[in-house]
There are 2 protein chains.
Amino acid sequence: MPDPVDLAKERRRVTMRDVARRAGVGTITVSRALAEPEKVSPELRRRIAAAVAELGYLPNHMAGGLSSQRTRVVPVIVPSIRNAVFADLVEGVNDVLLGEGYQILLGASGYDPAREEALISAFLGWFPAGIVVVGTQHTELGARLLTRTEATVVELFELSSDAVEINIGFSNAAAARDMTAHLLDEGYRRVAFVGAFMERDVRAGVRRSGYEEVLAGHGLPARVLSYPQPSSYELGGQAVQDLFARWPDTDAVFFANDVLAFGAITECQKRGIPVPQRLAIAGFNGLDVGARMTPELTTVLSPRREMGRQAARAILGRRGPGAKRREVIDLKYEILVRASTRRRRED
Amino acid sequence: MPDPVDLAKERRRVTMRDVARRAGVGTITVSRALAEPEKVSPELRRRIAAAVAELGYLPNHMAGGLSSQRTRVVPVIVPSIRNAVFADLVEGVNDVLLGEGYQILLGASGYDPAREEALISAFLGWFPAGIVVVGTQHTELGARLLTRTEATVVELFELSSDAVEINIGFSNAAAARDMTAHLLDEGYRRVAFVGAFMERDVRAGVRRSGYEEVLAGHGLPARVLSYPQPSSYELGGQAVQDLFARWPDTDAVFFANDVLAFGAITECQKRGIPVPQRLAIAGFNGLDVGARMTPELTTVLSPRREMGRQAARAILGRRGPGAKRREVIDLKYEILVRASTRRRRED
DNA sequence: CTGAAAGCGCTAACAC
DNA sequence: GTGTTAGCGCTTTCAG
């Protein structure tokens with residue numbers, strides 16, 4: 001009676017046929033016992049399970065995928081892996097997929113549509129069940145690939161009227177408008193906006209537009225600082241200096257993200273600039289650091305994890321063929337008003 | 001002349017045979033032109049490239065993998081996706097793999113060996129080129145699977161004499177000892193250690209031991225606070241209170257990670273506890289927030305990204321069969337002494 | 001340098 | 001409820 005170690009030594013992997021022979025059944029029965037146990041009699045199921053365990057059988061996903069033309073793989077393409085915002089997204093996808101035997105293929109585009117395109121085309125070679133991407137802007141070819149694939153396509157983090165299939169996000173523009181309105185409500189009038197990497201980071205650009213709209217609506221001039229490089233704590237600190245150099249009377253800043261805002265708050269601490277008395281600071285995304293700073297950071301809570309979860313659920317739900325059904329899901333954001341912009345302390 | 005859209009409408013993917021026919025060559029020549037272009041004449045190469053482009057051919061990775069018994073897939077199993085420490089690791093792997101056409105399958109174990117085992121066995125079904133895991137402690141079956149697989153196995157973040165194959169990490173124990181020694185050097189004598197989730201987080205436990213060793217070596221009593229739940233900013237804040245409740249005269253704390261330390265520093269800010277005058281605080285990992293806090297956080301810089309990079313390089317380098325060659329690579333850590341533990345300001 | 005035939009290990013479709 | 005047959009689309013021999 002061969003044991004698994006012997007088979008391993010033969011340099012041959014245990015196949016479904018080995019299991020079938022051992023259990024005294026056909027291979028298809030093994031296949032069914034593994035994929036749809038309810039269609040196999042309890043007795044055979046038991047014998048097969050025993051054979052699987054004894055032989056240490058591991059299913060060959062390549063063979064299964066080739067034959068069935070589908071796999072339990074879900075590529076997720078994010079702009080950046082290290083950015084906590086996207087880590088939350090991936091975590092959300094993972095939350096839902098984990099228990100279902102699905103696996104995540106991770107790709108980082110670096111905010112570069114060309115790299116995104118390369119990732120899309122590589123990933124589609126896996127016959128994925130679905131594919132999750134951030135944003136709705138792609139290269140022409142990228143968009144075509146997404147349109148053509150059998151996989152369920154989910155585009156996250158924005159809302160767009162011409163998304164490929166499923167679009168789950170929130171309105172960055174509305175959130176930015178609300179935040180800007182909050183600053184004006186609090187009485188700030190010389191409100192600046194600071195963004196970074198906005199040629200590439202589409203959503204940051206949208207936030208900027210939201211800010212500009214509201215200021216214009218109030219007849220106030222916009223003060224925008226836009227850095228070409230990606231966001232960092234250092235850059236947020238730098239922005240405080242640049243801001244005062246350019247518009248010394250600025251009384252509030254809306255940062256395109258919390259990383260910049262965090263850098264700005266720590267910079268103000270170091271330089272003794274009272275926040276919000278001298279300068280009110282707002283961020284975007286609602287990272288949990290925000291709640292631990294002094295002062296606590298006013299920010300927009302984006303439903304990152306929930307977007308990931310719903311993306312995964314959409315993919316799981318949409319098994320089986322059929323044309324793409326378009327759907328836009330608008331998740332809510334939340335304006336978290338905290339001490340960094342509040343004129344009066346509440347107590 | 002059929003164009004790609006027509007083929008797509010046929011609901012049939014473009015295959016290598018389609019490309020071959022169009023280019024007027026055999027399928028194997030197409031295969032070679034894609035995988036080993038130098039073995040194909042320039043003329044055919046050109047025709048094949050043209051056919052690929054015109055038809056919009058995407059290679060089917062399942063078929064290729066099934067046939068060749070190997071894929072350009074590298075599973076990476078980390079304890080947690082959201083933890084910035086592991087995001088850096090994954091980013092490092094990605095840095096190196098990206099250009100080589102390899103792809104990352106991401107798994108999160110939640111610090112649970114059983115879940116890690118499930119991930120390992122699922123991932124091995126993809127005939128991965130290599131597999132990257134955090135830590136050297138696995139379930140018995142998990143370890144056996146890793147030993148038996150053809151894939152290059154890389155274990156990260158610790159050093160162990162009985163790693164499966166390639167082990168890239170640093171000494172958590174030595175780092176913890178160095179940090180503890182630093183605190184004693186600075187003159188602190190009532191030094192505590194705070195860890196979280198240490199039953200699961202093996203490395204945190206190792207750090208604790210390093211701390212205890214050094215204290216014992218100086219004849220000082222250990223003060224260890226160990227929380228069962230995972231680390232969070234809040235927990236770090238909580239620890240400050242618990243610490244003073246239990247050992248009111250504590251003058252320094254060594255936290256098992258920067259997240260806890262960050263929470264503690266902000267807590268001290270809120271409660272007006274001067275750091276380091278009343279309480280010195282040290283962390284572990286060298287997250288970049290540390291450099292932006294007031295006071296800046298003393299911590300241990302762990303070579304996270306570099307571990308990821310070297311893991312990927314090891315996998316790329318070790319193509320082709322052959323028995324596993326064991327190798328331990330000891331990357332250096334760095335003690336970053338900053339204001340949160342320094343007795344006197346330097347100027 | 002190029003090609004023909006065989007087969008990787010599984011599942012779909014159809015029998016029984 | 002179970003088995004048989006025929007591929008899925010590549011890459012690996014082995015010839016030329």
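Values below: every heavy atom of this structure, side chains too, minus hydrogens, waters and symmetry copies. Lettering follows sequence order; numbering is per chain, from 1.
A sub-4.0 Å separation between OP1 or OP2 of D:dC10 and a side-chain N or O of B:Y57 is present. Under 4.0 angstrom from either OP1 or OP2 of D:dT2 there lies no side-chain N or O belonging to A:T29. Contact annotation: B:R17 side-chain N/O to D:dC8 OP1/OP2 distance is not under 4.0 Å.
One atom, CD of A:E150, and another, P of D:dC8, lie 16 Å apart when rounded to the nearest Å. Rounded to whole Å, atom P of C:dC8 lies 12 Å from atom CG of A:N60. Between the P atom of C:dC10 and the CZ atom of A:R32 lies a distance of 15 Å, rounded to the nearest Å. The distance from atom CG of A:D18 to atom C1' of C:dC10 is 13 Å, rounded to the nearest whole Å. For the pair A:R47 CZ and D:dG1 P, the interatomic distance rounds to 16 Å; values are reported in whole Å. Taking atom CD1 of residue B:I48 and atom P of nucleotide D:dC10, one finds them 13 Å apart after rounding to whole Å. Protein atom CZ of B:R72 is 15 Å distant from nucleotide atom C1' of D:dC10, rounded to whole Å. Counting to the nearest Å, the C1' atom of C:dT11 and the CD atom of A:Q69 are 11 Å from each other.
Within residues 33-44 of chain A, no residue has any heavy atom closer than 4.0 Å to DNA chain C.
Contact annotation: the side chain of A:V132 never approaches that of A:E155 to less than 4.5 Å [non-hydrogen atoms, C-beta and beyond].
Ring pair B:W126/A:H61 is tilted by interplanar angle, where 30° to 60° counts as tilted.
Under 4.0 Å is where a charged nitrogen must lie from a carboxylate oxygen, and between B:R203 and B:E158 at least one such pair does. Note on B:E100 versus B:R72: no salt bridge recorded, every NZ/NE/NH1/NH2 to OD/OE distance being 4.0 Å or above. One finds no salt bridge joining B:R325 and B:E165 here, because no Lys/Arg side-chain nitrogen approaches an Asp/Glu carboxylate oxygen to under 4.0 Å.
Residue whose closest nucleotide on DNA chain D sits further toward the 5' end, between B:M62 and B:I28: B:M62.
The base of D:dG1 has none of its N or O atoms less than 3.5 Å from a complementary donor or acceptor on the side chain of A:R45.
Checking D:dG7, D:dT11, D:dG9 against the side-chain heavy atoms of A:L66 singles out D:dG9 as nearest. Listed nucleotides: D:dG9, D:dC8, D:dT12. Nearest to the side chain of A:S67: D:dC8.
Residues A:H138 and A:E117 bring no donor and acceptor atom of their side chains to less than 3.5 Å of each other.
For A:D88, the side chain to side chain donor-acceptor pair (under 3.5 Å) criterion is met by A:R304, B:R82, not counting sequence neighbours.
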